[in-house]
Enquirer: 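Mind having a look at this structure? Questions to follow.
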Amino acid sequence: QVQLVESGGGLVQAGGSLRLSCAASGRSFSTYAMGWFRQAPGKEREFVAAISWSGTSPYYADFVKGRFNISRDNAKNALYLQMNSLKPEDTALYYCAADLHGTSVADVGSWGQGTQVTVSL
């Protein structure tokens with residue numbers, strides 16, 4: 001199993017940008033599909049973006065297409081989420097996810113603790 005630690009969250013104004021990072025420990029990182037999920041207060045955790053083990057074939061939820069970009073660096077055991085044109089509705093706790101087999105919460109093998117993103121008007 002892989003251990004995940006997110007960073008990079010914070011408070012930003014609408015229209016601004018943030019870059020989330022996820023540091024992974026474990027020798028199997030480069031073999032896992034990875035992704036990001038988020039959970040807003042009072043809502044269920046939802047899929048945001050995913051990327052294959054090789055760093056190709058990124059896949060995004062419709063509500064972030066054209067605004068967010070997922071990437072990874074297998075040499076550094078790191079996953080990233082560049083978030084641009086942020087909206088107040090993007091406010092949520094963002095989770096790094098490892099060993100993805102789909103876009104549902106049940107399809108994730110390991111979770112990080114989350115990093116808070118707050119977007120103000």
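No experiment lies behind these values; they were computed from the predicted model shown. Because only heavy atoms are used, hydrogens play no part in the values below, and waters and symmetry mates are left out as well, while side chains stay in.
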Enquirer: For atom CH2 of Trp111, decide whether the heavy atoms of other residues, nucleotides or ligands shown that lie under 6.0 angstrom number more than 12.
Expert: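 Atom CH2 in Trp111 is crowded, with more than 12 foreign heavy atoms closer than 6.0 Å.
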
Enquirer: Which donor-acceptor pairs under 3.5 Å do side chains of residues 97-105 form with protein atoms, sequence neighbours excluded?
Expert:
{"from": "Asp99", "atom 1": "OD1", "to": "His101", "atom 2": "NE2", "distance (Å)": "2.9"}

Enquirer: Please give the remaining members of the hydrophobic cluster of Tyr80, linking ILVMFWY side chains under 4.5 Å, ordered by chain and number.
Expert: none

Enquirer: Each residue besides Val48 in its hydrophobic cluster should be listed here, by chain and number; the cluster joins Ile, Leu, Val, Met, Phe, Trp and Tyr at side-chain heavy-atom distances under 4.5 Å.
Expert: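 Result for Val48 is Val2, Leu4, Val12, Leu18, Leu20, Phe29, Tyr32, Met34, Trp36, Ile51, Tyr60, Phe63, Val64, Phe68, Ile70, Leu79, Leu81, Met83, Leu86, Tyr94, Val117, Val119.
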
Enquirer: Any idea which heavy atoms bring Leu121 and Pro88 closest together, and the distance?
Expert: CD2-CG, 3.4 Å

Enquirer: Going by the salt bridge (charged side-chain N to carboxylate O under 4.0 Å, His left out) test, which pairs reach into residues 84-95, not counting sequence neighbours?
Expert: Arg38-Asp90, Arg67-Asp90

Enquirer: I'd like to check the salt bridge (Lys or Arg N to Asp or Glu O under 4.0 Å) partners of Lys43; sequence neighbours left out, ordered by chain and number.
Expert: none

Enquirer: Ser30: which residues meet the side-chain contact (heavy atoms from CB on, under 4.5 Å) condition with it, sequence neighbours left out?
Expert: Asn74

Enquirer: Residues two or more places apart in sequence or in another chain: which of them pass salt bridge (Lys or Arg N to Asp or Glu O under 4.0 Å) with Arg45?
Expert: none

Enquirer: Could you tell me whether the side chain of Glu6 and the main chain of Gln113 form a donor-acceptor pair under 3.5 Å?
Expert: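 Here the side-chain-to-backbone pair exists.
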
Enquirer: Return each pair, listed once, that meets disulfide (SG to SG under 2.5 Å) where at least one residue sits in residues 79-110; pairs must be two or more places apart or across chains.
Expert: Cys22-Cys96

Enquirer: Under the salt bridge (Lys or Arg N to Asp or Glu O under 4.0 Å) rule, collect the residues that match up with Arg19, sequence neighbours excluded.
Expert: none

Enquirer: Ser17: what forms a side-chain contact (heavy atoms from CB on, under 4.5 Å) with it, not counting sequence neighbours?
Expert: Gln82, Asn84

Enquirer: Which pairs pass disulfide (SG to SG under 2.5 Å) with one or both residues in residues 27-88, sequence neighbours excluded?
Expert: none

Enquirer: Would you check if Asn69 and Pro58 make a side-chain contact, meaning some heavy-atom pair closer than 4.5 Å?
Expert: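 No. Closest side-chain heavy atoms not under 4.5 Å.
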
Enquirer: Does Thr56 have any side-chain contact (heavy atoms from CB on, under 4.5 Å) partners at least two apart in sequence or in another chain, and if so, which?
Expert: Ser52, Ser54

